[in-house]
2 protein chains.
Amino acid sequence: MSDVLPVITRKEREFQAREELIITHARRLLLEKGFQAWNMEQLAEAVEYSKGTLYQHFSSKEDLVLAVATASLRQRADMFEKASHFQGLSRERIRAIGFACCEFALSCPEYFHVEMMLKSASFWEKASEERRHAHSFQGARCWRIINNLVVEAMALGDIPRGQYSPEQATFSLIAVTVGSHLMGREPQFRVQAGIQNPMLAVRLNQDLICDGLGWKPLLKDHDYAATDSRILAEVFPNAAAWLNADP
Amino acid sequence: MSDVLPVITRKEREFQAREELIITHARRLLLEKGFQAWNMEQLAEAVEYSKGTLYQHFSSKEDLVLAVATASLRQRADMFEKASHFQGLSRERIRAIGFACCEFALSCPEYFHVEMMLKSASFWEKASEERRHAHSFQGARCWRIINNLVVEAMALGDIPRGQYSPEQATFSLIAVTVGSHLMGREPQFRVQAGIQNPMLAVRLNQDLICDGLGWKPLLKDHDYAATDSRILAEVFPNAAAWLNADP
DNA sequence: GATAATATTTGACCAATGGTCAAAATGTGA
DNA sequence: TCACATTTTGACCATTGGTCAAATATTATC
């Protein structure tokens, strides 16, 4: 060992790499089978370690699943951050975050399903304290990015002041987004609603909330197609793939 | 046995009564502990029957939980139906359904949590065919009641035609409602958003979507406080308890 | 390179629990 | 009262999340 001050030793690097490997495989299993339909033995086989080794990384199956969710949530916050730097009107920037949300949903398709499990108290309390904290932290990042933008929009007068608090408006945006993603994944609802592309349904609902808030310029008063082109070009080039599609 | 033509025999009545007893206790356990933190043995003890008897009613734990969800969903559809008969403008009627939704959430607090479990494929496929069908049926009832109202509102010109399809609008309303209920139950979000009364947050978000859809009369153009008084008096007298509260 | 000391990995094992079924208990009719 | 049918039961099984002593690998020392 030649390095005098290795901040991270080789062992630690290997440990982290293995943890990522486990999380990646667990994510795949979650996407393919949900929570119940696979067991730790199978996961151990997939990553070519034994069950005991898994438990050196995660205190329980729930702890592992929370780690998967938090890894995704960190990605989400990163994408929100990137989108929030988009240059434009406040409503154009919230629009960019809306795009980020869809990009994320496509890149981590298991996320919303896993996040719903976490709502169960018994699930949450089986995870370790550190991981619960890490998850809250990433969740708070997402919240803050949106809320800051809403606060700014109100300061600029883009959202009428006095009607709703910034926190209420932020809550509305998040609630409609989560609800749209969850419902859009439901085959039964998709058929009933005639939805071909769930992401466009999410985007539409976000627009409805913004219009409802009176966030200027309203959908009818601005050429948002031009905004979308810029968002595509500057922030999410991959979004073109899902953007041009049926309702 | 004196009755000549009993459509339902005494045995069958007893069987149904016991099924309801089991469902009621299972609902309580779900509310108190979620899904994992109780077992069939404990439930059997609570209803004072043995495990084997439970399995004469339900093919699996998942099947039982689906039955709980469907029983709640039936209540939900019933309340929607009641609310949809409210006499008034189309937007006043969707408002009455919004009230129904909150009344329901208070009366079946376990519902949204259980409903989220059903999204997991492995869960759904462990339940019996009949119960899956019954659940879809009640879900479709809820959908239809809202969608009919939206169609009618568009026919009346209360919602501008041509912009969104009735199905899209229905989807928006349901998505925002589900999302708001789920997020409103999350302590972390409640604190961040400064929400005292989750039901009012749900109602607000529904109003935002309606305004966003341009559903006339808009919030600012009508005395909806008067509408609310009528809804309270005519349809949901109990709603007064949760309506008068902080944001 | 040999050996001792330390760290890591393993899989047999345990406890909990969803689900089954032969036997016991209960109900019914003659 | 007895024979037959139906219902209820709980011992039993298989699966699986989680543990830990033993085996294996790594590192340090001479």
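Every chain is numbered from 1 and lettered A, B, ... according to where its sequence line falls, protein lines coming before strand lines.
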For [X] and [N], is the shortest distance between a side-chain N/O and OP1 or OP2 below 4.0 Å?
X	N	value
B/Gln56	D/dT8	yes
B/Arg18	D/dT7	no
B/Thr53	D/dT9	yes
A/Lys51	C/dG11	no

Item to check | Trace of the side chain to side chain contact (heavy atoms under 4.5 Å, CB included) decision for A/Leu73 with A/Cys142 | outcome: CA-CA 8 Å; A/Leu73 192 55; A/Cys142 291; 4.1 Å; yes
Item to check | Side-chain touch A/Phe99/A/Val235, heavy atoms, less than 4.5 angstrom | outcome: no
Checklist entry - Between C/dT9, D/dG17, C/dG18, which one does the side chain of B/Met40 approach most closely? => result C/dG18
Next on the checklist: Checking contacts here: which listed nucleotide (C/dG11, D/dG17, C/dG18) is nearest the side-chain heavy atoms of B/Asn39?
Outcome noted: C/dG18
Tell me the interatomic distance from [X], atom [atom1], to [N], atom [atom2], rounded to whole angstroms.
X	N	atom1	atom2	result
A/Phe58	C/dT9	CZ	P	14 Å
B/Asp63	C/dT20	CG	C1'	16 Å
B/Glu41	C/dA16	CD	P	13 Å
A/Leu54	C/dT8	CG	C1'	14 Å
A/Trp38	D/dG17	CH2	P	8 Å
B/Phe15	C/dT26	CZ	C1'	17 Å
A/Lys126	D/dG18	NZ	P	7 Å
B/Phe35	C/dT17	CZ	P	13 Å

Next on the checklist: At 4.0 Å (heavy atoms only), tell me whether B/Ser60 reaches a base, stays on the sugar-phosphate, or touches nothing.
Outcome noted: sugar-phosphate
Checklist entry - Aromatic ring centroids of B/Trp124 and B/His135 under 6.0 Å? => result yes
Checklist entry - Salt bridge between A/Arg190 and A/Glu186, side-chain N to carboxylate O under 4.0 Å? => result no
Item to check | Partners meeting salt bridge (Lys or Arg N to Asp or Glu O under 4.0 Å) with A/Glu62 (sequence neighbours left out) | outcome: A/Lys126
